[in-house]
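In what follows, a structure is listed as structure tokens, so that the remarks can point back to it.
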Amino acid sequence: MLTEKACKTIHQYNKEPISEINMQKLQDVAEDYKRVKNVVYFRFGGITGLAKLYPGYTVQNEMTESGLREKLGMPSVYFYLAVFDALKDIKSQWTKTKSDIQRAVSKNEELSQEEKHYLRFLLKVNNAFEAVLNQRPITLKKEIQEQYEALAERVDPEKLHRYLCRKVRRIHGKLHTDAADGFSIAERAYRYADHGIYISIKEKRKRVFVPLTDNNRYTTQLYIKLHPEEQRIEIHVPIQVSIRSHENYQNQVGVSCGMRTMLTTDGGHSYGEELGEYQMEYADWLREQTRMYHRNRESNPGRKKYSAKKRRMEEQLHSYINHELNEFLQKEKPQTVYMVRLPKPQGGGKNKKINYSVSQWQRGYIRKRLQQKCKEHAVEIVEVLGKDISRECSDCGAIGEKNDGKFVCLQCGYEAEEKMNTARNVKKRGQGDGVLYGNVYRS
């Protein structure tokens with residue numbers, strides 16, 4: 001019986017500061033990596049490149065024939081990894097563009113259901129989508145062609161093709177990167193030995209040696225993240241871990257996320273109660289360091305100490321978050337976790353200190369780590385829309401009042417801790433309480 005796997009990224013770090021000479025050699029690789037990606041973005045990121053994206057060998061062949069690798073003097077192992085990294089980014093960009101257009105089509109009240117159906121067909125069938133954008137006749141496999149012709153008979157194709165082209169011009173943009181802070185590396189371009197790693201550079205038969213803080217060895221594609229100012233690198237290692245199913249994980253748990261207390265469950269249990277203190281300390285320190293840096297900019301000797309302490313504080317914060325998430329899973333034993341689908345952060349508050357703390361809120365990291373841990377333990381995550389979810393009474397559904405962390409319903413008299421009330425509402429919505437709030441998103 002095959003064991004299910006989940007991808008997990010772990011990190012390795014250099015043990016000693018990397019010399020300026022060696023860091024420059026790694027930066028040279030990263031700079032060429034960036035240039036290759038930008039060439040691929042420019043040549044294949046538009047509508048004319050659509051027909052060449054799948055499976056991608058056409059792009060690879062054209063980039064080989066371009067002579068760019070020879071011009072840069074770049075090892076082939078890095079050149080082709082850069083090409084396929086850029087290709088992956090372009091595919092993701094087109095997926096996002098299609099999703100945005102599909103949402104616009106669904107919301108457009110001027111389009112009939114037949115017209116919407118026709119446009120969704122074009123967005124779903126790559127060959128049809130590419131043909132429309134490049135103003136070519138749509139030619140598909142026999143069965144799909146018949147389906148297309150049946151749809152086209154009920155609408156005005158030319159009108160809808162113009163609509164689709166306008167949407168693409170408005171939404172889709174070619175990618176570009178100015179970041180030369182890292183690169184992917186295949187197994188044949190590195191070697192673990194001597195308590196470190198040897199990394200290939202642009203010079204033939206030359207490698208840079210980096211001592212590591214651990215002796216672990218991997219045989220997979222890595223990503224080298226450069227931090228020149230701090231004389232260090234991070235090695236990102238994707239590994240496959242077995243998904244661990246737990247027979248005793250049977251509970252349905254609604255959670256409410258917060259800045260001060262990380263998670264509160266519908267049962268009133270709290271995890272990460274010191275999160276607010278960690279984040280306020282971190283935010284206050286960043287504010288003070290920024291103020292001092294701007295005040296003494298001309299005489300400032302550098303930011304190495306600042307970067308080192310910033311990294312230590314982030315690691316301490318992340319370690320605390322991971323510990324509390326582990327506690328949450330071990331104690332709650334969830335089969336399903338219900339949580340709010342958070343909107344994008346918004347500014348506009350009057351208190352600058354609080355605004356700065358909110359900007360440093362680790363909610364993205366918390367969400368990412370919770371999703372990863374749930375995946376590794378075969379726990380399902382269900383996301384629900386959160387409109388008015390904290391103001392609603394979890395007992396009767398009426399709108400209540402919040403004051404000093406307490407929720408009070410004026411209609412039925414229900415009282416509870418504010419976050420607990422929210423968590424109960426999250427669970428109700430996730431399980432379906434008969435009220436339409438919008439889509440329910442399942443991870």
Side-chain angles (χ1 to χ4, degrees), residues 99 102-103 106-107 109 249-273 275-276 324-325 327-329 331-351 354 358 361-364 366-371 373-374 377-443:
S99 296
Q102 188 152 335
R103 281 194 292 269
S106 298
K107 293 179 181 178
E109 297 179 356
Y249 278 32
Q250 298 293 328
N251 297 323
Q252 307 290 308
V253 183
V255 298
S256 173
C257 303
M259 270 190 62
R260 297 191 177 278
T261 298
M262 184 174 68
L263 294 179
T264 303
T265 70
D266 61 290
H269 304 142
S270 297
Y271 300 90
E273 294 178 285
L275 179 67
E324 292 299 303
L325 289 176
E327 285 284 307
F328 164 73
L329 290 173
K331 291 183 178 179
E332 297 298 327
K333 296 179 170 43
Q335 182 182 62
T336 306
V337 173
Y338 301 94
M339 62 190 302
V340 171
R341 185 172 185 262
L342 295 175
K344 293 181 179 179
Q346 298 179 353
K350 295 181 180 180
N351 189 317
I354 293 177
V358 170
W361 184 13
Q362 300 287 311
R363 70 176 188 174
I366 294 169
R367 187 178 213 82
K368 180 180 176 182
R369 294 304 299 151
L370 178 59
Q371 289 174 338
K373 289 178 183 293
C374 284
H377 291 274
V379 176
E380 182 185 26
I381 291 183
V382 176
E383 294 184 322
V384 303
L385 297 184
K387 183 178 180 182
D388 292 330
I389 201 162
S390 65
R391 298 173 58 238
E392 185 179 287
C393 175
S394 59
D395 207 40
C396 71
I399 298 299
E401 293 183 350
K402 298 184 294 182
N403 188 22
D404 293 331
K406 293 290 184 181
F407 174 87
V408 178
C409 179
L410 302 179
Q411 183 164 316
C412 72
Y414 175 75
E415 295 184 13
E417 195 273 328
E418 177 190 334
K419 292 296 182 182
M420 176 182 170
N421 179 71
T422 302
R424 288 184 63 186
N425 284 328
V426 171
K427 183 176 178 179
K428 286 174 63 179
R429 291 190 182 186
Q431 293 180 330
D433 57 4
V435 181
L436 181 62
Y437 302 98
N439 294 325
V440 175
Y441 301 82
R442 291 182 180 267
S443 301

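Treat the numbers as computed from the prediction; the structure is a model and nothing was measured.
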Can I get a per-line list of side-chain donor-acceptor pairs under 3.5 Å for residues 255-267, giving both atom names and the distance, sequence neighbours left out?
unit_1 : atom_1 : unit_2 : atom_2 : d
T265   : OG1    : G267   : N      : 3.3
T265   : OG1    : G268   : N      : 3.4
T265   : OG1    : H269   : N      : 3.1
D266   : OD1    : G254   : N      : 2.9
D266   : OD2    : K427   : NZ     : 3.4

Give the table of side-chain donor-acceptor pairs shorter than 3.5 Å for residues 401-414, with sequence neighbours excluded, one pair per line with atom names and distance.
unit_1 : atom_1 : unit_2 : atom_2 : d
K402   : NZ     : S390   : OG     : 3.0
Y414   : OH     : R424   : NH1    : 2.6

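N421 places no side-chain N or O within donor-acceptor distance of the main-chain N or O of A416, the cut-off being under 3.5 Å. With E324 contributing its side chain and G272 its backbone, the two residues share a donor-acceptor pair below 3.5 Å.
Atom CD in Q250 sits 9.5 Å away from atom OG1 in T336 (nearest 0.5 Å). Atom OG1 of residue T422 and atom CG of residue D388 lie 11.0 Å apart, to the nearest 0.5 angstrom. Distance check, rounded to the nearest 0.5 Å: NZ of K419 to OG of S270 gives 10.5 Å.
Between R429 and E392, at least one side-chain nitrogen of the basic residue sits less than 4.0 Å from a carboxylate oxygen of the acidic one, meeting the salt-bridge criterion.
Not counting sequence neighbours, Q102 has no partner by the side-chain hydrogen bond (donor to acceptor under 3.5 Å, both in side chains) test. Remark: K333 pairs with N248, Y249, N251 by the side chain to side chain contact (heavy atoms under 4.5 Å, CB included) rule, at least two apart or across chains. Listed by chain and residue number, R120 satisfy the side-chain hydrogen bond (donor to acceptor under 3.5 Å, both in side chains) test with S106 (two or more places apart in sequence, or in another chain). For E273, the salt bridge (charged side-chain N to carboxylate O under 4.0 Å, His left out) test picks out no residue, with sequence neighbours left out.
Here the shortest heavy-atom pairing between V253 and P334 reads CG2-CB, 3.9 Å.
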Problem set entry | Test log, rule side chain to side chain contact (heavy atoms under 4.5 Å, CB included), inputs L370 and M339 | CA-CA 11 Å; L370 178 59; M339 62 190 302; 4.0 Å; yes
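Under the 4.5 Å side-chain criterion, counting only non-hydrogen atoms from C-beta, Y271 is in contact with K331.
In this model, a donor atom of one side chain and an acceptor atom of the other lie less than 3.5 Å apart for Q252 and Q335.
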